[in-house]
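Notes for the one structure printed next.
The basis for the numbers below is simple: all heavy atoms, side chains too, and nothing from hydrogens, waters or symmetry mates. Count residues from 1 along the sequence. Model, not experiment: these values are computed from the prediction.
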Amino acid sequence: ESIQLLADGAEREGDQITFRQVLNALGRGQSLHSALAESRLPISESVLKGIKSAELSGTLGSMLERASENAESIRVMRAKAWEAARYPLIIGCLAILIITGLIISIVPKFKALYGRMDSELPKATEFLLSLSDLLQNHGLTTAGVILVMAILLRLLLNSDPGQKISDWILNRLPVVATLRQELFSHRVISNLELLVGSGVVLPDALKASAEIIPSPSYRASLIDASRRIRQGQRSDLALNQSTLAPLMRQLWTIGVRSGRLTDFLSIGRQVLGDRLNQRLTIL
């Protein structure tokens with residue numbers, strides 16, 4: 001009945017068809033996990049794992065509620081991050097256009113003046129005059145070269161070596177490194193709360209959480225912690241060797257030793273979420 005309500009209330013025809021496909025799969029006796037996995041709905045693999053375990057443990061309602069809260073908090077943070085970046089991006093693009101116009105239209109007028117002075121120019125001025133000549137005489141070629149270089153840079157950043165290099169640089173930048181650590185830690189702790197609360201075992205929960213992190217170094221540390229736990233190491237010791245935020249590692253240790261891991265994961269999610277919202281608001 002819930003899926004039927006979603007199908008009836010969907011605004012797009014494609015969503016209506018997808019929900020009805022899920023409904024038909026449930027009518028054939030499939031589990032919700034398998035029906036959603038076969039659909040085209042944008043549900044992450046970690047959430048699907050949580051649904052699978054929650055169906056078996058009978059905690060599907062609370063699991064879906066936590067998943068909804070996590071998705072909403074991530075949406076709000078992305079909106080704040082874009083709001084913080086939008087103004088400097090607009091100003092930066094306008095500045096580039098204005099400077100390009102000045103180099104093309106104004107700088108050449110000074111070239112004749114410098115020529116009459118017949119004196120040695122500073123290197124910065126010579127570079128500016130050369131750049132003006134280049135844009136005037138080969139503007140389209142220069143724009144094409146810049147476009148090709150941007151495409152090559154994008155391909156390089158999407159490759160494994162490029163991702164590792166950019167990740168290494170970003171993890172060492174002031175302000176950005178701390179923000180990334182808390183952002184990734186918040187995503188991991190939210191996902192772990194979801195999966196552990198649904199009954200997924202810790203190694204699988206850590207591995208699934210690693211898949212949603214775009215940083216190679218953070219992803220490798222989580223996979224290594226999962227491997228250590230499978231080999232018999234205590235989970236708090238395994239996670240203490242990761243690159244996650246110290247607050248998360250401390251709360252994890254307290255949660256494991258007190259037998260209230262899910263409760264302390266919830267505390268960590270709320271605290272890190274508040275801290276991230278504050279940082280993004282300041283930005």
Would you compute the distance between atom [atom1] of [X] and atom [atom2] of [Y] and round it to the nearest 0.5 angstrom?
| X | Y | atom1 | atom2 | result |
| --- | --- | --- | --- | --- |
| T141 | I146 | OG1 | CD1 | 11.0 Å |
| F184 | L244 | CZ | CG | 10.5 Å |
| I267 | L247 | CD1 | CG | 10.0 Å |
| N24 | Q30 | CG | CD | 10.0 Å |
| T142 | N137 | OG1 | CG | 9.5 Å |
| E45 | E211 | CD | CD | 6.5 Å |

If you take all heavy atoms of [X] and [Y], which pair is closest and at what distance?
| X | Y | answer |
| --- | --- | --- |
| G273 | H186 | N-CD2, 3.4 Å |
| K80 | N277 | NZ-O, 3.8 Å |
| L192 | S209 | CD2-OG, 3.5 Å |
| M248 | S185 | SD-O, 3.7 Å |
| A84 | L280 | CB-O, 4.4 Å |
| V47 | M63 | O-CE, 3.5 Å |

Just wondering, do [Y] and [X] contact through their side chains at under 4.5 Å, heavy atoms?
| X | Y | value |
| --- | --- | --- |
| I189 | F264 | no |
| I151 | V148 | no |
| L153 | M149 | no |
| N70 | R269 | yes |
| N171 | S215 | yes |
| R20 | D8 | yes |
| T253 | L237 | no |

Decide yes or no on side-chain contact (heavy atoms from CB on, under 4.5 Å) for L239 and L206, but give the supporting numbers first. CA-CA 10 Å; L239 207 68; L206 282 170; 3.9 Å; yes
Short side-chain to backbone donor-acceptor contact, [X] and [Y], under 3.5 Å:
| X | Y | result |
| --- | --- | --- |
| E55 | S31 | no |
| Q181 | T243 | yes |
| S190 | R187 | no |
| N158 | R154 | yes |
| T18 | G14 | yes |
| S166 | Q163 | yes |

Check the hydrophobic clustering (I, L, V, M, F, W, Y; side-chain heavy atoms under 4.5 Å; chains of links allowed) and say if [X] and [Y] are grouped together.
| X | Y | result |
| --- | --- | --- |
| L251 | L202 | yes |
| L222 | V196 | yes |
| I74 | I212 | no |
| L194 | L36 | yes |
| L102 | V107 | yes |

I'd like to know whether [atom1] of [X] has more than 12 heavy-atom contacts from other residues, nucleotides or ligands below 6.0 angstrom.
| X | atom1 | result |
| --- | --- | --- |
| R40 | CZ | no |
| R172 | CZ | yes |
| I106 | CD1 | yes |
| K49 | NZ | yes |
| Q278 | CD | no |

Verdict with supporting geometry, L60 and I51, side-chain contact (heavy atoms from CB on, under 4.5 Å): CA-CA 6 Å; L60 184 60; I51 291 174; 4.1 Å; yes
Begin with the C-alpha distance, continue with both residues' side-chain angles, and end with the deciding distance and a verdict on salt bridge (Lys or Arg N to Asp or Glu O under 4.0 Å) for E72 and R75. CA-CA 5 Å; E72 177 63 17; R75 185 196 66 79; 2.7 Å; yes
Taking only Lys NZ, Arg NE, NH1 and NH2, and the carboxylate oxygens of Asp or Glu, determine whether [X] and [Y] approach each other closer than 4.0 Å.
| X | Y | result |
| --- | --- | --- |
| D204 | R230 | yes |
| K164 | D160 | no |
| R66 | E69 | no |

Per-pair distances, 0.1 Å, donor-acceptor, side chain in residues 126-136, under 3.5 Å, sequence neighbours excluded:
unit_1, atom_1, unit_2, atom_2, d
S130, OG, E126, O, 2.9
S132, OG, I103, O, 2.8
D133, OD1, K111, NZ, 3.3
D133, OD2, K111, NZ, 2.9
Q136, NE2, I104, O, 3.4

Looking only at the side chains, is there a donor atom on one of T59 and S62 sitting less than 3.5 Å from an acceptor on the other?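 The criterion, which ignores hydrogens and geometry beyond distance, is not satisfied for S62 and T59.
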Will you find, in the side chains of Q270 and D274, an N or O donor that is under 3.5 Å from an N or O acceptor?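 The answer is no; no qualifying pair exists.
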Go through R249 and S242 one step at a time and tell me if the side-chain contact (heavy atoms from CB on, under 4.5 Å) criterion holds. CA-CA 8 Å; R249 299 199 299 265; S242 68; 3.9 Å; yes
CA sep, side-chain torsions, deciding dist, call: R180, D167, side-chain contact (heavy atoms from CB on, under 4.5 Å): CA-CA 10 Å; R180 275 167 61 89; D167 184 59; 2.4 Å; yes
